[in-house]
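Notes follow once the structure below has been shown.
Please read these numbers as outputs of a predicted model, since none were measured by experiment. Every heavy atom of this structure was used, including side-chain atoms; hydrogens, water molecules and symmetry mates were not. All chains are named by letter (A, B, ...) in the order of the sequence lines, taking the proteins before the strands, and each is independently numbered beginning at 1.
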Number of protein chains: 2
Amino acid sequence: MAGRVVFIGAGPGSADLITLRGARLLGDADVVLHDALTDPALREFAPRARWIHVGKRGFSDSTGQDLINAMLVKHAAEVALVVRLKGGDPSIFGRLEEELDAMARAGIECEVVPGVTAAIAAAAATQRPLTRRGDGRSVSFTTAMTRTGDMHASRTADTEVFYMAGKQLCALSRRLIEAGWPSDTPVSVVSRAGWPDQLHSDHNVATLPRASLLHAGRPTIVTVGAGARPLEACQEPAKRNASDAAVTCEPCPKP
Amino acid sequence: MAGRVVFIGAGPGSADLITLRGARLLGDADVVLHDALTDPALREFAPRARWIHVGKRGFSDSTGQDLINAMLVKHAAEVALVVRLKGGDPSIFGRLEEELDAMARAGIECEVVPGVTAAIAAAAATQRPLTRRGDGRSVSFTTAMTRTGDMHASRTADTEVFYMAGKQLCALSRRLIEAGWPSDTPVSVVSRAGWPDQLHSDHNVATLPRASLLHAGRPTIVTVGAGARPLEACQEPAKRNASDAAVTCEPCPKP
């Protein structure tokens, strides 16, 4: 009897951002292959599973992915339920397509359980909705860096969110200006979105490079445009550094 | 003592797509103001709360929003914890900015708990990741319809997802062609994403109008471009109609 593989979005940080469905399926897992960026506290939900860390740090990129695919196939042949636990949501920058393709080729049944993606967790924690009635009718999620290490930025959606941009903030600032964003366009930078040690800082397109030091070495989400703007009733600069993912809204000074 | 308001993303369908954090906070709620599109099964998590339906059907749009804002303020003055439960994620097309602004003006403390947005649930259920390594490096979420009833479409991201497009599939097809999408670009249409009665159909930009009948009268997500393409190893037309949000991957014919 061949086992099946369930891809689960762990959410972008603290264990309690996983869905109920994801937590329940972890409880049935025999083996869990997990990324570096998933909360170790999730192990509580999978008491009988063997946990295997397959974060790609230390591997060359493609070797890592091929090895993960092979491990999924191997374990699915041996146990009933293999969980592939990914940070955030598997369908957004998760390389899910490569793993699903490998499972299909091996004839392995699979299922995908969605999760909260980092951009949405950053928006929730900073109370900056990604869409705004009137001037925020579209939002795009982009990787800042291409496979060749090139950097791409455009001005197409009302709100643009860049994943994995932390090491490239100077280049991103330049590219955004080249793409036509006015230099005073608001930019919100959140690192470790959804984790207790999350940090948040406010900038504009021109001053974005100043965020480099604060967020150095941490997974970083950069939100540009309508969705980066503080709400009308909360115009004081939000310089707070969140001590928890669920940032409480400081009541604004009454008008 | 003034109460606080927690905005919770219920996820896009079945109750078990809510996060653990959202479910736990529902358990502490005194009052829950919920949308039309949240699963009644979520009531199990809020045994002592009073549930109030504030779906906007039947109200004129702006009256409805003002009334909801006023109700949030009123209940927060009377009880310790008011939950505002929204379908999907509150930061994506949830008009969260208007409700947060009203809370800030009234000096009410608030918190936002993120959820799984419908586009991501549709991607999970159909096993079509929204980003693809190589040719799917950006994804945008757009409302198909503007406030004035106009329809907008562009060709800017590698994958474009249109929310609330169900009534406008003919116009959307025309606009996509005008925006430069080749007529054979894959389009995946999912209605009631994340619910047990979810439906899925495959089209291209030119044949999209044919989806109108199947999905009539149902909240519909339209995905265009790289993220709509079936995976390489699963090229058979996916004409299945999902009987559950967690669609199992039919193992593909071996090559």
Side-chain angles (χ1 to χ4, degrees), chain A residues 11 16-21 23-24 89-98 100-101 103-105 107-117 120-121 123-124 127 129-134 137-143 146-147 154 156-157 231-234 246-249 251-252 254-255, chain B residues 11 16-21 23-24 89-98 100-101 103-105 107-117 120-121 123-124 127 129-134 137-143 146-147 154 156-157 231-234 246-249 251-252 254-255:
Chain A
D16 67 349
L17 288 176
I18 197 170
T19 62
L20 297 178
R21 187 181 298 174
R24 177 177 50 79
D89 174 70
S91 298
I92 305 269
F93 305 123
R95 297 184 69 169
L96 175 62
E97 65 282 10
E98 296 172 63
L100 280 176
D101 255 341
M103 297 311 100
R105 276 193 209 97
I108 295 168
E109 183 187 311
C110 46
E111 177 182 332
V112 181
V113 177
V116 172
T117 189
I120 285 174
Q127 303 198 355
L130 293 171
T131 62
R132 309 284 173 102
R133 197 160 153 82
R137 290 178 38 249
S138 59
V139 54
S140 79
F141 301 160
T142 309
T143 46
T146 68
R147 213 192 293 216
S154 58
T156 52
L231 295 177
E232 204 177 310
C234 307
V247 174
T248 55
C249 173
C252 302
K254 303 248 170 86
Chain B
D16 67 348
L17 288 177
I18 198 171
T19 62
L20 297 179
R21 186 180 299 174
R24 177 178 50 79
D89 173 72
S91 299
I92 304 270
F93 304 123
R95 296 184 68 171
L96 174 63
E97 65 281 11
E98 296 172 64
L100 280 176
D101 255 340
M103 296 311 100
R105 277 193 209 98
I108 295 168
E109 183 186 312
C110 47
E111 178 182 331
V112 181
V113 177
V116 172
T117 190
I120 284 175
Q127 304 198 354
L130 293 172
T131 63
R132 309 284 175 101
R133 197 162 152 82
R137 290 180 37 249
S138 59
V139 53
S140 78
F141 301 160
T142 309
T143 45
T146 67
R147 213 193 292 216
S154 58
T156 53
L231 295 177
E232 205 177 309
C234 307
V247 174
T248 54
C249 174
C252 303
K254 302 246 171 88

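- Nearest approach of A:Val116 to B:Pro114, heavy atoms of both residues: CG1-CB, 3.8 Å.
- Proximity of a side-chain donor or acceptor of B:Glu98 to a complementary backbone N or O of A:Arg133 within less than 3.5 Å is not detected.
- For the pair A:Leu17/B:Leu20, no side-chain contact is recorded, criterion being any heavy-atom separation below 4.5 Å from C-beta on.
- When A:Pro129, A:Gly115, A:Pro90, A:Ala123 are compared by the number of non-hydrogen pairs under 4.5 Å with chain B, A:Pro129 comes out ahead.
- Listed for the B:Thr131 side chain is a donor-acceptor partner under 3.5 Å among the backbone atoms of A:Phe93.
- Remark: B:Arg137 CZ to A:Thr143 OG1 distance equals 4.5 Å, nearest 0.5 Å.
- Taking B:Leu96, B:Val139, B:Asp89, B:Leu130 one by one and counting their heavy-atom pairs under 4.5 Å with chain A, the maximum is reached by B:Val139.
- Summarising the geometry of B:Ala124 relative to A:Ser91, their closest heavy-atom pair is N-OG, 4.0 Å, with the distance given to 0.1 Å.
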